Amino acid sequence: MDKFKQLILQCRSGFEKEAAAEITACLSQAGVYGYCQLVDGQGYVSFLGAEGDALYQAIENLPFNKLIYVRQWTLATDWLELDREDRVGQIRAGLEGLPDCAEVWVEYPDTTDGRELATFCRKFGSALVQRLKRDKWLRPAKGDNGWRLQLFALSGEKIALGIAPVNNASPWPQGIPRLKFPKQAPSRSTLKLEEAWHWFVPRDEWDTRLTGGRAVDLGAAPGGWTWQLVQRGMFVSAVDNGPMDEELMDSGQVTHCKEDGYLFVPEKIVDWMVCDMVDKPIRTAAMVVEWAVKGYCREAIFNLKLPMKQRYKETERCLQHIETELKKQGLHWELRAKQLYHDREEITCHLRML
Ligand SMILES: C[S@@+](CC[C@H](N)C(=O)[O-])C[C@H]1O[C@@H](n2cnc3c(N)ncnc32)[C@H](O)[C@@H]1O
């Protein structure tokens with residue numbers, strides 16, 4: 001697999017440094033050394049310079065779910081300069097020696113320039129699939145260790161040929177779940193909570209973990225997140241001094257608590273605590289520790305608003321604080337974090353007490 005020279009890591013435009021710091025730390029822990037190439041705002045980072053098949057081993061074995069700033073990854077060749085006359089043929093010629101792939105995605109950076117490639121990528125992907133089907137090159141995976149042929153385009157001519165493990169990469173092209181804004185929801189940030197559930201709660205567990213029961217929404221107004229909880233049949237304490245959407249209050253499932261979210265204590269244990277308050281991230285992390293240690297909730301989804309500088313360092317500090325404090329108490333938990341498509345200067349975290 002020495003035709004693969006780079007790991008392409010897609011991220012939110014403007015967060016290339018964070019994605020680079022994260023992948024460098026993650027790979028060096030696994031004994032893989034190299035360097036990152038990046039340009040601010042380009043929406044991806046290339047990790048280069050690793051020896052032998054180290055990158056192939058890494059993309060297979062490092063858990064993709066652990067990455068926060070990386071939305072999608074591709075193990076790729078050097079950039080190919082394609083001739084407009086026969087792009088499909090040139091890609092086809094480069095596929096020798098690749099593992100079996102069952103599907104083809106043509107990805108592009110999630111930037112203003114990148115999005116202009118959307119139509120080209122869709123059409124080129126279809127043409128390539130037709131050719132690969134004709135050649136009987138596409139094959140369904142045996143077991144669940146399949147690969148996807150994943151190209152990454154910077155223009156119609158400059159493309160990297162790559163692969164990604166289907167079960168260890170984002171299940172959505174570009175790492176972006178396409179969610180439709182529900183018209184009845186009181187605010188656009190409703191999509192953040194829905195996206196978080198898609199990342200953190202397996203779909204086949206939604207009926208058990210995300211249906212009915214009680215929830216607390218800290219920093220709830222006007223009610224986009226509360227709306228999601230109500231849709232899942234939950235009874236919600238919505239904590240915020242600001243006004244809640246009236247129609248949502250008419251559902252009869254919401255109690256508006258005009259209190260300070262950082263001091264709020266639920267009357268009974270709740271299934272979910274969600275928190276979208278804008279404050280120092282370490283303050284939110286400390287509050288989450290208190291909820292976990294006192295056993296106020298079974299699961300939590302909370303935002304960490306990022307500072308202007310040292311965003312990666314601050315992320316690590318907050319997550320480590322939570323882990324260290326819970327460990328001291330002898331608790332068992334799962335903690336994950338992701339910069340969602342709907343997150344701007346923030347990341348979203350999920351804590352589940354076991
Ligand atoms: C980003 S908005 C929340 C939007 C909400 N998640 C939605 O989907 O509609 C942040 C909210 O946090 C509230 N907030 C900030 N600090 C708070 C605190 N200490 N206690 C309660 N609410 C707070 C603000 O009043 C504001 O309504």
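Since we're looking at a predicted model, the values are computed, not measured. Atoms within each ligand, like the ligands themselves, are counted from 1 in listed order. Starting from 1, each residue takes its place in the sequence as its number.
Contacts of Val270 classified as side-chain contact (heavy atoms from CB on, under 4.5 Å), with partners at least two apart in sequence or in another chain: Arg214, Val216, Pro266, Trp291, Cys297.
Salt-bridge annotation for Lys309 and Glu314: absent, with no side-chain N of the basic residue lying under 4.0 Å from a carboxylate O of the acidic one. A salt bridge links Lys192 to Asp276: one of the charged nitrogens lies within less than 4.0 Å of a carboxylate oxygen. Looking at Glu195 and Lys338, no side-chain N of the basic residue comes within less than 4.0 Å of a carboxylate O on the acidic one, giving no salt bridge.
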Side chain to side chain donor-acceptor pair (under 3.5 Å) evaluation trace for Gln174 with Trp105
CA-CA 9 Å; Gln174 301 176 293; Trp105 287 2; over 6 Å; no
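A cation-pi arrangement, defined by a distance under 6.0 Å to the six-membered ring centre and an angle within 45 degrees of its axis, is absent between Arg115 and Tyr108.
Ligand 1 lies under 4.0 Å from heavy atoms of Ser187, Ser189, Gly219, Ala220, Ala221, Pro222, Gly223, Gly224, Trp225, Asp240, Glu259, Asp260, Gly261, Tyr262, Asp276, Met277.
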